Undergrad: 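Below is the structure I would like to discuss, written out as C-alpha coordinates.
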Amino acid sequence: MDSAIIRNEIYRIVRKIPRGSVLSYGDIGRIVGTGPRQVAAAMRACPAGLPWHRVVGAGGTIRTPGEYAWIQRERLIAEGIRFRGRGFSYDLYRWKTGKYPH
DNA sequence: AACATGACCTCTC
DNA sequence: TGAGAGGCCATGT
(Lines give C-alpha, C1' and ligand atoms only; values in the text may rest on other atoms or scores of the structure.)
Protein backbone atom coordinates (compact mmCIF):
# COMPACT_ATOMS: atom_id res chain seq x y z
CA MET A 1 0.00 0.00 0.00
CA ASP A 2 0.98 3.55 -0.66
CA SER A 3 -0.03 4.64 2.78
CA ALA A 4 2.42 2.30 4.47
CA ILE A 5 5.21 3.67 2.32
CA ILE A 6 4.17 7.20 3.15
CA ARG A 7 4.19 6.35 6.84
CA ASN A 8 7.74 5.07 6.51
CA GLU A 9 8.74 8.23 4.69
CA ILE A 10 7.27 10.26 7.50
CA TYR A 11 9.16 8.30 10.12
CA ARG A 12 12.36 8.58 8.13
CA ILE A 13 12.06 12.33 7.97
CA VAL A 14 11.23 12.67 11.63
CA ARG A 15 14.31 10.61 12.44
CA LYS A 16 16.38 13.03 10.37
CA ILE A 17 15.32 16.11 12.28
CA PRO A 18 18.41 17.20 14.20
CA ARG A 19 18.44 17.98 17.89
CA GLY A 20 17.14 21.45 18.64
CA SER A 21 15.14 21.70 15.43
CA VAL A 22 11.50 21.04 14.69
CA LEU A 23 9.20 20.43 11.76
CA SER A 24 5.47 20.95 11.54
CA TYR A 25 2.88 18.38 10.51
CA GLY A 26 2.05 20.47 7.51
CA ASP A 27 5.65 20.77 6.34
CA ILE A 28 6.27 17.06 6.70
CA GLY A 29 3.09 16.38 4.79
CA ARG A 30 4.23 18.71 2.04
CA ILE A 31 7.55 16.89 1.80
CA VAL A 32 6.11 13.39 1.48
CA GLY A 33 3.13 14.54 -0.52
CA THR A 34 0.25 14.10 1.88
CA GLY A 35 -1.79 16.16 4.29
CA PRO A 36 -1.12 17.29 7.86
CA ARG A 37 -3.78 15.05 9.34
CA GLN A 38 -2.20 12.04 7.75
CA VAL A 39 1.09 12.92 9.38
CA ALA A 40 -0.71 13.15 12.70
CA ALA A 41 -2.36 9.82 12.04
CA ALA A 42 1.06 8.30 11.39
CA MET A 43 2.41 9.78 14.59
CA ARG A 44 -0.35 8.18 16.57
CA ALA A 45 1.44 4.86 16.09
CA CYS A 46 4.63 6.46 17.33
CA PRO A 47 7.36 3.81 16.96
CA ALA A 48 9.82 3.52 19.85
CA GLY A 49 12.89 5.68 19.55
CA LEU A 50 11.25 8.15 17.22
CA PRO A 51 11.89 11.78 18.18
CA TRP A 52 8.19 12.56 17.99
CA HIS A 53 8.61 15.62 20.18
CA ARG A 54 10.27 17.46 17.28
CA VAL A 55 7.00 17.41 15.36
CA VAL A 56 4.88 20.44 16.20
CA GLY A 57 1.89 22.36 14.96
CA ALA A 58 2.11 25.22 12.48
CA GLY A 59 3.70 28.33 13.91
CA GLY A 60 5.42 26.51 16.75
CA THR A 61 2.58 25.22 18.87
CA ILE A 62 2.16 22.00 20.80
CA ARG A 63 -0.78 20.02 19.44
CA THR A 64 -0.10 16.84 21.35
CA PRO A 65 -2.96 15.79 23.63
CA GLY A 66 -2.85 14.85 27.27
CA GLU A 67 0.28 14.58 29.36
CA TYR A 68 2.44 14.05 26.31
CA ALA A 69 2.12 17.74 25.65
CA TRP A 70 4.00 18.44 28.83
CA ILE A 71 6.66 15.84 28.06
CA GLN A 72 7.12 17.27 24.60
CA ARG A 73 7.51 20.77 25.95
CA GLU A 74 10.11 19.63 28.47
CA ARG A 75 12.10 17.78 25.83
CA LEU A 76 12.09 20.72 23.45
CA ILE A 77 13.23 23.03 26.18
CA ALA A 78 15.95 20.52 27.05
CA GLU A 79 17.14 20.77 23.45
CA GLY A 80 17.47 24.50 23.70
CA ILE A 81 14.16 25.73 22.36
CA ARG A 82 12.95 28.78 24.24
CA PHE A 83 9.23 29.10 24.58
CA ARG A 84 7.51 32.42 24.29
CA GLY A 85 4.01 32.31 25.65
CA ARG A 86 2.10 29.26 24.43
CA GLY A 87 4.53 28.23 21.77
CA PHE A 88 7.79 29.29 20.23
CA SER A 89 9.10 30.89 17.06
CA TYR A 90 8.70 28.25 14.39
CA ASP A 91 10.70 30.26 11.89
CA LEU A 92 13.60 30.31 14.30
CA TYR A 93 13.73 26.60 15.09
CA ARG A 94 12.37 25.09 11.90
CA TRP A 95 14.67 22.53 10.31
CA LYS A 96 15.95 24.50 7.35
CA THR A 97 18.61 22.11 6.11
CA GLY A 98 16.07 19.85 4.49
CA LYS A 99 15.16 21.33 1.15
CA TYR A 100 11.52 21.11 0.27
CA PRO A 101 10.51 19.97 -3.21
CA HIS A 102 8.78 22.66 -5.17
C1' DA B 1 -18.83 -0.37 1.76
C1' DA B 2 -20.41 3.60 4.60
C1' DC B 3 -19.39 6.40 8.49
C1' DA B 4 -16.94 8.61 12.17
C1' DT B 5 -12.64 10.40 13.94
C1' DG B 6 -8.51 13.09 14.28
C1' DA B 7 -1.11 14.75 17.83
C1' DC B 8 -3.83 19.70 11.27
C1' DC B 9 -4.08 24.00 8.30
C1' DT B 10 -5.92 28.21 6.40
C1' DC B 11 -9.25 31.49 5.66
C1' DT B 12 -13.19 34.41 7.54
C1' DC B 13 -15.34 37.42 10.56
C1' DT C 1 -7.36 37.79 19.50
C1' DG C 2 -10.37 34.14 19.27
C1' DA C 3 -13.97 31.19 17.43
C1' DG C 4 -16.04 28.75 13.48
C1' DA C 5 -16.09 26.56 8.88
C1' DG C 6 -14.38 23.85 5.40
C1' DG C 7 -10.94 20.99 3.40
C1' DC C 8 -8.07 17.22 3.92
C1' DC C 9 -7.42 11.75 3.69
C1' DA C 10 -5.58 7.63 6.35
C1' DT C 11 -7.55 4.57 9.96
C1' DG C 12 -10.67 1.98 12.53
C1' DT C 13 -15.32 0.18 13.24
Side-chain angles (χ1 to χ4, degrees):
Chain A
M1 323 327 195
D2 254 9
S3 53
I5 296 176
I6 289 183
R7 267 208 315 281
N8 283 329
E9 290 287 316
I10 292 173
Y11 296 145
R12 205 182 50 173
I13 292 194
V14 173
R15 261 185 280 266
K16 270 169 68 178
I17 303 176
R19 209 185 121 87
S21 295
V22 297
L23 228 41
S24 74
Y25 297 91
D27 281 344
I28 294 175
R30 225 164 299 154
I31 293 172
V32 305
T34 188
R37 312 200 66 156
Q38 285 54 247
V39 177
M43 295 309 288
R44 207 157 60 76
C46 199
L50 197 83
W52 57 270
H53 58 280
R54 300 189 207 162
V55 182
V56 301
T61 55
I62 303 289
R63 305 298 299 190
T64 311
E67 337 176 7
Y68 287 104
W70 181 82
I71 298 174
Q72 180 172 18
R73 187 184 167 104
E74 288 302 303
R75 285 192 179 175
L76 290 177
I77 290 176
E79 294 191 353
I81 291 177
R82 318 215 335 179
F83 277 70
R84 275 199 302 202
R86 294 182 212 175
F88 55 91
S89 169
Y90 182 62
D91 287 336
L92 188 59
Y93 297 107
R94 184 179 113 237
W95 182 38
K96 306 173 182 71
T97 336
K99 280 299 180 204
Y100 302 169
H102 207 271

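In what follows, every chain begins at residue 1, and chains take the letters A, B, ... in the order their sequences are listed. Computed from a predicted structure; not experimentally measured.
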Undergrad: Produce a footprint string for nucleotides 3-13 of chain B: one letter per nucleotide, 5' end first; B if the base is under 4.0 Å from any protein heavy atom, S if only the sugar-phosphate is, - if neither.
TA: ---BBBSS---
Undergrad: Taking side chain as C-beta onward, heavy atoms only, is A/Tyr90 less than 4.5 Å from A/Leu23?
TA: yes
Undergrad: If I take atom CZ from residue A/Arg94 and atom OG from residue A/Ser24, how far apart are they, to the nearest 0.5 angstrom?
TA: 8.5 Å
Undergrad: Among residues two or more places apart or on two chains, list those pairs meeting salt bridge (Lys or Arg N to Asp or Glu O under 4.0 Å) that have a residue in residues 42-60 of chain A.
TA: A/Arg54-A/Glu79
Undergrad: State which residues pass salt bridge (charged side-chain N to carboxylate O under 4.0 Å, His left out) with A/Arg86; sequence neighbours excluded, sorted by chain then number.
TA: none
Undergrad: From the 5' end of DNA chain C to its 3' end, which nucleotides mark the outer limits of contact with chain A, defined by a 4.0 Å heavy-atom distance cut-off (strictly under)?
TA: C/dG2 to C/dG12
Undergrad: Table please: side-chain donor-acceptor pairs of residues 65-76 of chain A below 3.5 Å, with sequence neighbours left out.
TA:
from    : atom 1 : to      : atom 2 : distance (Å)
A/Gln72 : OE1    : A/Thr64 : OG1    : 2.4
A/Gln72 : NE2    : A/His53 : O      : 2.9
A/Gln72 : NE2    : A/Val55 : O      : 2.9

Undergrad: Please examine the side chains of A/Phe88 and A/Val22, heavy atoms only from C-beta on, and report whether any two atoms are closer than 4.5 Å.
TA: yes
Undergrad: Could you tell me the separation between the CG atom of A/Leu92 and the CZ atom of A/Arg82, rounded to the nearest 0.5 Å?
TA: 10.0 Å
Undergrad: Could you list the donor-acceptor pairs under 3.5 angstrom formed between side-chain atoms of residues 10-17 of chain A and any protein atom two or more places apart in sequence or on another chain?
TA:
from    : atom 1 : to      : atom 2 : distance (Å)
A/Tyr11 : OH     : A/Ala42 : O      : 2.6
A/Arg12 : NH2    : A/Glu9  : OE1    : 3.0

Undergrad: Between A/Arg86 and A/Ala42, just flag the one whose closest nucleotide in DNA chain C comes earlier from the 5' side.
TA: A/Arg86
